Amino acid sequence: MSLGTTDKQRETAIVAGASLSGLMTALTLARAGLEVTLLERSARKSRTGAALPVAEGLLGRLTGRSETAYQSIPSGAQAWTDVHASLREAVQSEAHIDLQAPVTVTSAGEDDRSAWVSTDRGEVLHADLLVGADGHRSAVRGLVSPETPNAVFSGYVIWLGLVDEASISAPAWPSDLAILYEGDYCLNAYYLPGEDGSTTRGRRLGWGWYDAGHNELLRKAGVVRGNVVQRTLRPDDMPDSLFRELARDARHYWPEPWREAILDCLARRSIIGTPIGEYLPDRLVTQRICLVGDAAHLPSPMTGRGFSASAEDALALGDALERHDSIGEALRRYEADRLQPARGLVRSGQSFSRSFASRGAGQ
Ligand SMILES: Cc1cc2nc3c(=O)[nH]c(=O)nc-3n(C[C@H](O)[C@H](O)[C@H](O)COP(=O)(O)OP(=O)(O)OC[C@H]3O[C@@H](n4cnc5c(N)ncnc54)[C@H](O)[C@@H]3O)c2cc1C
């Protein structure tokens, strides 16, 4: 959808959700010649905890800038917060993206002429294209797949934490990444660049502890209802007994330095618990609406590929819009490119989830 002449009016897109997928998609759509309105309900700029494997050159391809701001460690992992900051900075300096936050999309729809959203500000916005980048509990997904709108709880939670290496006295782990199985648990732990993006002035230790034994607690706290994940468990929702239990099991199961890192986070009550859901898509598009990222396909984090799949969505959608003259054709091309790889990814996570969740089934 190249504009050809400078006076041709740019087509318009609304992107619902401005986390990693929404930011990446807004950038590729603006580059494909669309005028983008990006709506984000959260006023918070960052979340802590997860590390993302970022392929060399990917952020440069998405942002159109050289990647000097943040370093990755040799395994290629970067902190979620750093990737988010770098994408957000690129979005804010792009003239054809209007980022609005906090704005919640409350309903959406389409007809032959346009797609539209209503917001909690009482506005109705119209555009040629609506992109749902609104994550694992996507509301836009219900328009694309009304018969299966929800991701399904996978039967386990991941406790996540992050700590400065300087506050850990135990010697470093010999490699950048550890994937350890003990008892009913699995631990993914990794080194990340320090808060200033540097690896030379001190790293951080991130960890994700997979646990299928606390599903009752998740249900009691209301973060999982039926088979649907509602939200992340925050420290305020966590009873003291949970901190004591996790500390006891960390001492028993995990080797240094991860043990000390986990105990440090528990002592500071600086952990979150993310109940894991999965979504296997049957489709990604309608006439003028499409899904990207976790809204489109939600794999278990154990695949380690949610972020790169989201980046592939953003690049494929931008590419399809550049190559095709109508939104409808471009969306069909996008779905043809992305549906099968997305299904393959979710399925590979589901086989891990089935066997892992069965470990906690007796508790
Ligand atoms: C615990 C955990 C560990 C992970 N580990 C890895 C990993 O190791 N490797 C990897 O590649 N990936 C990992 N992922 C996945 C990866 O983080 C995501 O795939 C990627 O960040 C894309 O997310 P997203 O932007 O699609 O969705 P989200 O991050 O969920 O963002 C959705 C955004 O939409 C906004 N929103 C929602 N509803 C509305 C609305 N109605 N109106 C306006 N805004 C709305 C939300 O506020 C949010 O900002 C992990 C995920 C989790 C949960």
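This structure is a prediction, so every number in the text was calculated from the model and none was measured. Throughout, numbering of the chain's residues begins at 1 and tracks the sequence. Just so you know, ligand 1 is whichever comes first in the structure, and atom 1 is the first atom listed for that ligand.
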Does any N or O of ligand 1 fall below 3.5 Å from an N or O anywhere on [X], backbone included?
| X | result |
| --- | --- |
| Val292 | no |
| Ser19 | yes |
| Phe307 | yes |
| Ala18 | no |
| Pro301 | no |
| Thr274 | no |

Flag, side chain of Ser86 to backbone of Asp82, donor-acceptor distance under 3.5 Å: no
Is it the case that the side chain of Ser358 and the backbone of Ser355 share a donor-acceptor pair, with hydrogens and angles ignored and the cut-off at 3.5 Å? yes
Under a 4.0 Å threshold between the charged nitrogen and the carboxylate oxygen, would Arg343 count as salt-bridged to Asp282? yes
Presence of salt bridge, Arg333 and Glu322, under 4.0 angstrom: no
Number the atoms of ligand 1 from 1 as they appear, then name those within less than 4.0 Å of a heavy atom of [X], with their elements.
| X | value |
| --- | --- |
| Gly293 | 26 (O) |
| Gly304 | 9 (N), 10 (C), 11 (O) |
| Leu39 | 43 (C), 44 (N) |
| Leu160 | 1 (C) |
| Thr104 | 41 (N), 42 (N) |

For Arg121, is the CZ atom crowded, meaning more than 12 foreign heavy atoms sit under 6.0 Å from it? yes
Within a strict 4.5 Å, meaning less than it, do heavy atoms of the Arg137 and Gln230 side chains meet? yes
Parallel, tilted or perpendicular: which describes the rings of Trp258 and Tyr191, with under 30° parallel and over 60° perpendicular? tilted
Tell me whether the rings of Tyr185 and Tyr253 are parallel (<30°), tilted (30 to 60°) or perpendicular (>60°). perpendicular
Could you check which of [options] puts a non-hydrogen atom nearest to [atom]?
| atom | options | answer |
| --- | --- | --- |
| atom 32 (C) of ligand 1 | Gly17, Ala295, Ala133 | Ala133 |
| atom 9 (N) of ligand 1 | Pro275, Gly22, Pro53 | Pro53 |
| atom 25 (O) of ligand 1 | Ser21, Ser42, Ala309 | Ser21 |

Would Asp98 and Thr37 count as having a side-chain donor-acceptor pair, cut-off 3.5 Å? no
Does any donor atom in the side chain of Ser118 or Thr106 lie under 3.5 Å from an acceptor atom in the other side chain? no
Any heavy atom of [X] closer to ligand 1 than 4.0 angstrom?
| X | answer |
| --- | --- |
| Ala139 | no |
| Val103 | yes |
| Ser310 | yes |

Please state which part of Arg137 comes within less than 4.0 Å of ligand 1, counting heavy atoms only: side chain, backbone, both or neither. neither
Centroid separation under 6.0 Å, is that true for the rings of Trp254 and Trp207? no
